[in-house]
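What follows is a set of notes on a single structure, which appears directly below.
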Amino acid sequence: MRADFPDFRLGKVLATSFTGTLSERHGDAVERIPTPHRLVDWLAVNGLTVDSCTPAQLDLARELRESIHAAATAAAIQDALPASAVQVINDRSIQGRAAPILTPEGERRWRLSSASRVEDALGVIAADAISIIAGERDGKLALCASPTCRAAFFDTSQSRTRKWCDMNTCGNRQKKARFNANHRKGTRSAE
């Protein structure tokens with residue numbers, strides 16, 4: 001990854017990892033795909049290799065990202081799904097022409113058509129979002145407990161009680177803040 005951009009926050013669920021390309025939504029927002037080439041990088045890291053991306057395709061990707069975030073957030077709090085978000089997710093899913101293929105190693109990969117690679121990749125992401133929002137996969141949608149993050153994530157832990165979208169970022173940040181607050185309280189009471 002390039003040093004001049006923030007690192008990607010990678011997860012095991014494609015759709016919610018994609019929504020993580022904009023983090024700290026309720027704080028100082030961090031855009032992790034600020035340029036078309038950065039979207040190309042993110043797609044490649046996630047097995048959806050494309051040759052290039054236009055600014056218009058980046059706009060489509062961001063619209064999909066925000067729609068997935070809105071729908072996943074609504075699903076996590078058991079609210080009605082926003083109609084506009086559902087429409088965008090469905091449109092991206094329908095427009096994609098990607099096909100799953102099996103590698104000799106027994107892994108699934110995606111074959112993207114040469115004419116619309118970015119749109120095909122967005123179709124794969126939209127289909128993944130549909131499967132988790134519709135409850136077709138084992139796990140549950142939840143919202144990060146960090147007040148500045150509130151990212152939607154797909155909890156596949158055995159107890160389904162995960163609090164943080166990512167333990168290495170939000171979880172550690174919250175635990176460190178709690179430790180520092182307790183340490184300051186202990187220092188004041190010792191005085």
Side-chain angles (χ1 to χ4, degrees), residues 1-39 41-43 45-46 53 55 57-92 122 125-126 128-135 137 139-157 159-185:
M1 295 301 124
R2 291 190 195 152
D4 52 341
F5 293 116
D7 288 337
F8 294 133
R9 295 172 85 178
L10 302 174
K12 294 182 172 139
V13 178
L14 184 64
T16 54
S17 292
F18 187 56
T19 65
T21 60
L22 179 65
S23 58
E24 298 302 310
R25 291 169 182 270
H26 300 281
D28 292 327
V30 178
E31 175 62 72
R32 296 172 192 280
I33 54 168
T35 65
H37 188 75
R38 195 64 175 153
L39 177 60
D41 292 344
W42 187 89
L43 291 170
V45 167
N46 287 280
C53 175
Q57 289 170 321
L58 178 60
D59 289 343
L60 288 175
R62 287 181 176 159
E63 180 184 39
L64 175 62
R65 174 186 69 193
E66 295 312 302
S67 296
I68 294 170
H69 177 72
T73 297
I77 62 173
Q78 299 178 346
D79 204 356
L81 301 180
S84 59
V86 169
Q87 186 66 50
V88 169
I89 293 167
N90 288 340
D91 287 349
R92 292 295 95 69
L122 296 179
I125 296 166
D128 191 59
I130 290 167
S131 74
I132 62 171
I133 294 168
R137 301 208 346 232
K140 79 169 195 166
L141 281 163
L143 298 179
C144 183
S146 168
T148 60
C149 179
R150 302 299 290 159
F153 66 92
F154 195 63
D155 183 1
T156 57
S157 67
S159 64
R160 306 290 193 263
T161 57
R162 223 175 87 197
K163 288 182 162 188
W164 318 109
C165 65
D166 186 317
M167 192 60 212
N168 293 326
T169 53
C170 292
N172 282 344
R173 191 177 312 132
Q174 294 298 315
K175 285 183 174 191
K176 183 178 178 182
R178 189 175 25 215
F179 173 81
N180 288 337
N182 289 338
H183 182 70
R184 281 191 300 274
K185 189 187 321 180

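Reckoned from all heavy atoms, side chains included, excluding hydrogens, waters and symmetry mates.
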Closest non-hydrogen atom pair between Ile89 and Ser67, with its separation:
CD1-O, 3.8 Å
Should Phe154 and Lys140 count as side-chain neighbours, where that means a heavy-atom distance under 4.5 Å?
no
Checking side-chain contact (heavy atoms from CB on, under 4.5 Å) for the pair Thr73/Asp79: CA distance, chi angles, key distance, verdict?
CA-CA 8 Å; Thr73 297; Asp79 204 356; over 6 Å; no
Locate the shortest heavy-atom distance separating Ile33 from Leu58; write the atom from each residue and the value.
O-CD1, 3.7 Å
With a 4.5 Å limit on heavy-atom distance, are the side chains of Leu22 and Arg65 in contact?
yes
Counting distance only, does the side-chain N/O of Asp155 pair as donor-acceptor with the main-chain N or O of Thr161 below 3.5 Å?
yes
Can you tell if the side chain of Ser23 reaches within under 4.5 Å of the side chain of Arg32, non-hydrogen atoms only?
yes
Quick check: do Leu39 and Gln57 have side-chain heavy atoms less than 4.5 Å from each other?
no
What is the minimum heavy-atom distance between Glu63 and Val88, and which atoms define it?
OE2-CG2, 3.7 Å
As an exercise, state the distance from CG of Leu14 to CD1 of Ile125, rounded to the nearest 0.5 Å.
5.0 Å
Closest approach of Ala74 to Pro82 (non-hydrogen atoms, all atoms of both residues)
CB-CD, 3.9 Å
Thr156 side, atom OG1; Lys12 side, atom NZ - distance, nearest 0.5 Å:
7.0 Å
Below 4.0 angstrom, N of the basic side chain to O of the carboxylate: do Arg137 and Asp128 qualify?
yes
I need the minimum non-hydrogen distance between Ala152 and Leu143, along with the two atoms involved.
CA-CD2, 3.8 Å
Grab the two heavy atoms, one from Ala75 and one from Leu141, that are nearest each other, plus how far apart they are.
CB-CD1, 3.7 Å
Can Arg62 and Glu31 be counted as an ion pair, charged N to O under 4.0 angstrom?
yes
Among all residues two or more places apart in sequence or in another chain, which pass the ring-ring contact (aromatic ring centres under 6.0 Å, His included) test with Phe18?
Trp42
To the closest 0.5 Å, what do you measure between CG (Asp91) and CG (Leu60)?
10.0 Å
Point-to-point distance, once rounded to the nearest 0.5 Å, from CD1 of Ile68 to CD1 of Ile133:
7.0 Å
Salt-bridge contact Glu24-Arg150 (side-chain N to carboxylate O under 4.0 Å)
no
Sub-4.5 Å side-chain heavy-atom contact between Ile130 and Asn90:
yes
